[in-house]
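Owing to the predicted nature of the structure, the values given are computational and were not obtained by experimental measurement. Index from 1, following the sequence. Every heavy atom of this structure was used, including side-chain atoms; hydrogens, water molecules and symmetry mates were not.
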Amino acid sequence: MFKGSIPALITPFRDGALDLPALEALVEWHVAEGSHGLVPVGTTGESPTLSHEEHETVIEVVVKAAAGRIPVIAGAGSNNTTEAVRFLRHAERVGADAALVVTPYYNKPTQAGLIAHYTALHDACGLPIVIYNIPGRSVVDMTPETMGKLAQLPRIIGVKDATGDIVRVSRQRATCGADFVQLSGEDASALGFNAHGGIGCISVTANVAPKLCAEFQEATLRGDYATALDYQDRLMPLHRAIFLEPGVAGAKYALSRLGRCRNEVRMPLLQVTDAVAAELDAAMRHAGLTG
């Protein structure tokens with residue numbers, strides 16, 4: 001159910017508030033462009049600066065707009081287990097298909113603490129849970145051995161792996177089993193990730209180039225790595241340019257150039273600099289997204 005190109009959806013704003021018509025239009029665009037799922041209110045959705053009420057509104061609007069056509073994996077992570085339970089139960093109540101739960105950030109739990117956290121979340125609701133392992137942001141790294149223990153729980157079904165280490169895929173196949181859903185969280189290395197046994201990417205670039213990212217993923221999943229490499233060459237400048245500054249800022253600038261949302265982020269993030277905007281413009285032309 002969860003494979004292919006799954007955009008880590010941006011949250012559009014208008015004059016500081018949620019822009020719900022733009023959000024609904026983005027969902028329609030992603031369905032039409034062939035995205036294989038959506039992840040609202042992840043980091044790329046600016047979850048740290050959404051209120052709880054805004055967080056829940058975005059999840060509900062995306063689930064309703066997707067209308068079962070593609071799966072919705074609701075961002076539901078927190079470094080507060082009680083808060084994460086709230087988000088999980090809300091996502092389940094409004095009809096999300098699964099939840100993406102980041103390893104708790106800042107408070108740096110031990111591996112035993114990670115097991116306790118995810119076990120509590122697993123037991124608190126009936127949604128499938130995808131672990132989000134991103135040590136560069138959370139400053140805690142879930143080991144393949146810990147993940148293997150959690151994979152024994154029936155509703156811990158997979159991982160978004162943003163370590164950038166494609167060897168992790170093979171190690172996690174060994175500890176979690178070949179059926180454990182492994183999704184890349186790092187666009188530039190998604191080609192190698194899938195070659196090692198991954199089956200998709202929760203992608204920032206797919207916000208901007210959903211059709212290309214979907215076709216790239218489909219090529220890897222049918223084993224056509226020659227075609228996938230052509231897509232990689234076409235997309236690589238965009239992968240790089242989006243992350244020259246925080247990825248959501250790059251994605252929102254690019255989407256504003258496509259007329260899909262305003263170029264508006266919440267502080268402490270800022271709009272991309274003119275130099276980065278020029279690189280994004282060049283990368284979009286290279287990908288064939290603009291003239």
Just wondering, are more than 12 heavy atoms of other shown residues or ligands nearer than 6.0 Å to [atom1] in [X]?
| X | atom1 | result |
| --- | --- | --- |
| D15 | CG | yes |
| D123 | CG | yes |
| R240 | CZ | no |

Is it true that [Y] and [X] share a donor-acceptor pair across their side chains at a distance under 3.5 Å?
| X | Y | value |
| --- | --- | --- |
| N194 | Q217 | yes |
| T175 | E145 | no |
| E215 | Y231 | yes |
| S170 | H196 | yes |
| T103 | S138 | yes |

State, with a plain yes or no, whether a side-chain heavy atom of [X] is found less than 4.5 Å away from one of [Y].
| X | Y | answer |
| --- | --- | --- |
| L26 | I10 | yes |
| P104 | P109 | yes |
| I199 | V181 | yes |
| K160 | I131 | no |
| I166 | D161 | no |
| F216 | T220 | yes |
| D97 | V63 | no |
| C125 | V85 | no |

Residues V101, V130; criterion side-chain contact (heavy atoms from CB on, under 4.5 Å); working and verdict: CA-CA 6 Å; V101 177; V130 177; over 6 Å; no
Is it true that [X] and [Y] make a salt bridge, defined as a side-chain N closer than 4.0 Å to a carboxylate O?
| X | Y | value |
| --- | --- | --- |
| E46 | K252 | yes |
| D281 | R257 | yes |
| E218 | K3 | no |
| R168 | D141 | yes |
| D165 | R171 | no |

Between [X] and [Y] (side chain of the first, backbone of the second, donor and acceptor by atom type, cut-off under 3.5 Å), is there such a pair?
| X | Y | value |
| --- | --- | --- |
| E33 | P210 | no |
| R155 | I129 | no |
| Y225 | A195 | yes |
| T119 | I115 | yes |
| S51 | E54 | yes |
| N133 | M142 | yes |

How many angstroms lie between atom [atom1] of [X] and atom [atom2] of [Y], to the nearest 0.5 angstrom?
| X | Y | atom1 | atom2 | result |
| --- | --- | --- | --- | --- |
| Q111 | L150 | CD | CG | 9.5 Å |
| H239 | D187 | NE2 | CG | 5.0 Å |
| E186 | S184 | CD | OG | 6.0 Å |
| H122 | I156 | NE2 | CD1 | 6.0 Å |
| L229 | R234 | CG | CZ | 14.0 Å |
| Y118 | K149 | OH | NZ | 16.0 Å |

Donor-acceptor pairs under 3.5 angstrom involving side-chain atoms of residues 282-291: please list them, not counting sequence neighbours.
from	atom 1	to	atom 2	distance (Å)
H286	NE2	D233	O	3.2

State, to 0.1 Å, how close [X] and [Y] come at their nearest heavy-atom pair, and which atoms those are.
| X | Y | result |
| --- | --- | --- |
| T205 | S203 | N-OG, 3.2 Å |
| G77 | Y105 | O-OH, 4.4 Å |
| A99 | I73 | C-CG2, 3.7 Å |
| I202 | L100 | CD1-CD1, 4.3 Å |
| I59 | V94 | CG2-CG2, 3.9 Å |
| L18 | R266 | N-NH2, 4.5 Å |

Flag yes if [X] and [Y] sit in one hydrophobic cluster, no otherwise; membership is Ile, Leu, Val, Met, Phe, Trp, Tyr, and two members link when side-chain heavy atoms are under 4.5 Å apart.
| X | Y | result |
| --- | --- | --- |
| V265 | V204 | yes |
| V27 | V39 | no |
| V139 | L114 | no |
| V276 | M236 | no |
| Y132 | F243 | no |

Hey, could you give me each pair passing side-chain hydrogen bond (donor to acceptor under 3.5 Å, both in side chains) that has a residue in residues 68-82? Not counting sequence neighbours. E28-R69, S78-E83, T81-H117
Taking it one step at a time, do I70 and I6 satisfy side-chain contact (heavy atoms from CB on, under 4.5 Å)? CA-CA 10 Å; I70 55 176; I6 305 172; over 6 Å; no
Would R262 pass as a cation-pi partner of F13, given that its NZ or CZ must be under 6.0 Å from the six-membered ring centre and within 45 degrees of the axis? no
Test side-chain contact (heavy atoms from CB on, under 4.5 Å) on L235 and C213; report intermediate values, then the result. CA-CA 8 Å; L235 286 165; C213 289; 4.2 Å; yes
Restricting to pairs with a member in residues 54-95, which pass ring pair (Phe, Tyr, Trp, His ring centres under 6.0 Å), not counting sequence neighbours? H52-F87, H55-F87
Going through the checks in order, is the side-chain contact (heavy atoms from CB on, under 4.5 Å) test met by V61 and V58? CA-CA 5 Å; V61 166; V58 170; 5.9 Å; no
